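Okay, so here's the structure we're looking at.
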Amino acid sequence: MNIDVEGSINSGQVFLWNKCGDTWHGINGQDVLAVGRSGRVRSYRGIRTDFFRRRDDMGRILESISRDGRVRRAAGRYPGLRILDQDPFQCLISFIISSNSNIQKIRSCLAKMTERMGEKVEFEGRMFSLFPDADRIAGATAGEILGCGVGYRARFVRDAARMVRDGRLDIEGIKKKDYHGAMEAVLSVPGVGSKVADCVLLFSLGKLDAFPLDRWMLRILKRYRGRFMPDTKTITKRQYGLLHEELVDYFGPYAGYAQQFLFKMERDDHQKGWL
DNA sequence: CCAAGGCCTGAATG
DNA sequence: ACATTCAGGCCTT
């Protein structure tokens, strides 16, 4: 089955990708990726990444998550939609910035951060700015980060970077933990609550049972009358955890994929493009 | 453990 | 034009 490159890139997982002609270019941590029509990924550093998670057995995953007509419909509508495997540090900072914000602003903040603080490199005849590493952000002045438009999240961004720089948060080590262990570790970062943590787990740490619950998902889940409770606009951390358990019981170990399909369908049905 | 309020910012709404 | 609201939450009371 072919991967929908554009659809996957524009599904709210990544924010530093741009299309030029037939080719998509994206910043992925200290690397630049290019993806053409063929779907083949080229890397500035020559790394063989599985950015589109081609090794996922979609047949098995689809069978596993198809627990009702709604997911089946969503999955059938976006056969090429994939969860991406992006750089964890960039993902962490991206979703700290995402809180109480929107796609456009997130893109703008991250673009400013990379342009102002990231290393410039040339790749396939073009110039790109890499994502600033933890050292660079940790050592930035308050004004420097604030100037990128992140507002009150500036302190979170800087402190998160310091945790990584000082080794208090070992992102690669977290990959080896299971969902709950990884969740606990990421939750220790300031500015990271359950939703942001689930995004980081799902989009960069390979935890396919992570199921980010934002306002949109809660809205969608309301249609599962009775099965999933919440009638409130916001939920507490405890409610979040309980609901996550129910969702994994229901959708299974690849629940995160169910989330992506449902989320995409909901956004499309409400004409929320991603620019 | 839970509810309520505040928070940077800019685009959208009144 | 100007004020308010709201957006893919989190933290503190």
Side-chain angles (χ1 to χ4, degrees), chain A residues 7-17 74 81 83-84 86 90-113 116 140-161 163 169 183-204 210-223 229-245 247 255-275:
Chain A
S8 300
I9 286 172
N10 286 323
S11 63
Q13 302 183 60
V14 290
F15 307 95
L16 290 174
W17 284 75
L81 180 61
I83 284 171
L84 305 176
Q86 59 175 298
Q90 180 177 331
C91 188
L92 175 68
I93 300 298
S94 299
F95 283 94
I96 287 176
I97 289 174
S98 81
S99 86
N100 201 19
S101 187
N102 56 59
I103 302 277
Q104 269 191 0
K105 204 193 312 171
I106 300 165
R107 287 178 56 99
S108 141
C109 293
L110 291 170
K112 282 177 186 158
M113 285 184 64
R116 297 178 187 184
T141 65
E144 204 171 5
I145 302 176
L146 206 53
C148 296
V150 302
Y152 63 88
R153 306 166 193 83
R155 189 168 39 86
F156 299 150
V157 168
R158 192 200 56 192
D159 290 348
M163 285 184 72
L169 186 74
M183 172 59 95
E184 188 185 0
V186 178
L187 277 179
S188 71
V189 179
V192 176
S194 306
K195 187 269 174 183
V196 169
D198 262 339
C199 288
V200 176
L201 262 51
L202 182 58
F203 303 146
S204 75
F211 196 109
L213 289 166
D214 54 21
R215 285 189 162 91
W216 287 89
M217 274 315 301
L218 292 179
R219 219 169 292 164
I220 295 166
L221 292 179
K222 262 199 255 180
R223 312 228 183 86
M229 31 161 259
D231 234 353
T232 45
K233 219 159 76 173
T234 63
I235 54 177
T236 65
K237 180 177 173 183
R238 178 184 160 72
Q239 287 175 310
Y240 191 106
L242 293 172
L243 187 48
H244 176 265
E245 259 185 80
L247 288 164
Y257 262 105
Q259 190 270 358
Q260 274 310 102
F261 287 123
L262 290 169
F263 185 75
K264 180 88 169 172
M265 183 164 73
E266 181 75 5
R267 297 287 291 202
D268 277 1
D269 287 348
H270 292 264
Q271 267 115 13
K272 289 274 188 178
W274 276 279
L275 202 67

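Reminder, nothing fancy here: chain letters follow the sequence lines and each chain counts from 1. For clarity, every value in this text was computed on a predicted model and none was experimentally measured.
- One can place NZ of Lys237(A) at 19 Å from C1' of dA4(B), the figure rounded to the nearest angstrom.
- Residue whose closest nucleotide on DNA chain C sits further toward the 5' end, between Val192(A) and Gln13(A): Gln13(A).
- Following rounding to the nearest Å, Met265(A) (CE) and dG8(C) (C1') show an atom-to-atom distance of 17 Å.
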**Prompt:** Could you walk me through whether Leu243(A) and Phe211(A) pass the side-chain contact (heavy atoms from CB on, under 4.5 Å) check?
**Reply:** CA-CA 10 Å; Leu243(A) 187 48; Phe211(A) 196 109; over 6 Å; no
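- Taking atom P in both dC2(C) and dC8(B), the straight-line distance is 25 Å, to the nearest Å.
- When Watson-Crick and G-U wobble pairs are counted only if both distances are under 3.5 Å, dC8(B) pairs with no nucleotide at all.
- Among the candidates Val157(A), Ile97(A), Ile93(A), the single residue satisfying the side-chain contact (heavy atoms from CB on, under 4.5 Å) test with Cys109(A) is Ile97(A).
- Sorted by first and then second residue, the side chain to side chain donor-acceptor pair (under 3.5 Å) pairs involving residues 185-203 of chain A (not counting sequence neighbours) are Tyr179(A)-Asp198(A), Asp198(A)-Tyr240(A).
- Residue Gln259(A) contributes atom CD, which lies 14 Å from atom P of dG8(C) at whole-angstrom precision.
- Of the residues near DNA chain C, Cys199(A) and Pro190(A), the one whose nearest nucleotide (by heavy atom distance) lies more toward the 5' end is Cys199(A).
- Note: CD (Glu266(A)) to P (dA7(C)) measures 14 Å, nearest angstrom.
- If you take CD1 on Ile96(A) and CZ on Arg158(A), they are separated by 12.5 Å, rounding to the nearest 0.5 Å.
- Rounded to a whole angstrom, the distance from the P atom of dG10(B) to that of dC11(C) is 23 Å.
- With P as the reference atom, dG8(C) and dA3(B) are 23 Å apart, rounded to whole Å.
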**Message:** Let's go through Val200(A) and Val189(A) carefully: what are the C-alpha distance in whole Å and the side-chain angles of both, what is the deciding distance for side-chain contact (heavy atoms from CB on, under 4.5 Å) to 0.1 Å, and is it a yes or a no?
**Reply:** CA-CA 12 Å; Val200(A) 176; Val189(A) 179; over 6 Å; no
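- Put simply, CZ on Arg155(A) is 9 Å from P on dC11(C), counting in whole angstrom units.
- Rounded to whole Å, atom P of dG8(C) lies 15 Å from atom NZ of Lys264(A).
- With dG8(C), dA3(B), dC11(C) as the candidates, the nucleotide lying closest to the side chain of Thr236(A) is dA3(B).
- Between Ile96(A) atom CD1 and dC10(C) atom P the separation is 10 Å, expressed in whole Å.
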**Under 4.0 Å protein heavy-atom contacts per nucleotide of nucleotides 7-14 of chain B, with B for base, S for backbone only and - for none** = BBB-S---
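- Note: CH2 (Trp216(A)) to P (dA7(C)) measures 9 Å, nearest angstrom.
- Among residue pairs with one or both ends in residues 90-99 of chain A, none qualify as side chain to side chain donor-acceptor pair (under 3.5 Å); sequence neighbours excluded.
- Using a 30° and 60° split on the angle between ring planes, Phe95(A) and Phe203(A) fall in the tilted class, from 30° to 60°.
- The same atom, P, is picked in dA11(B) and in dC10(C); the two are 24 Å apart, to the nearest Å.
- The separation of dC1(B) from dG9(C), taken at their P atoms, amounts to 23 Å, rounded to a whole angstrom.
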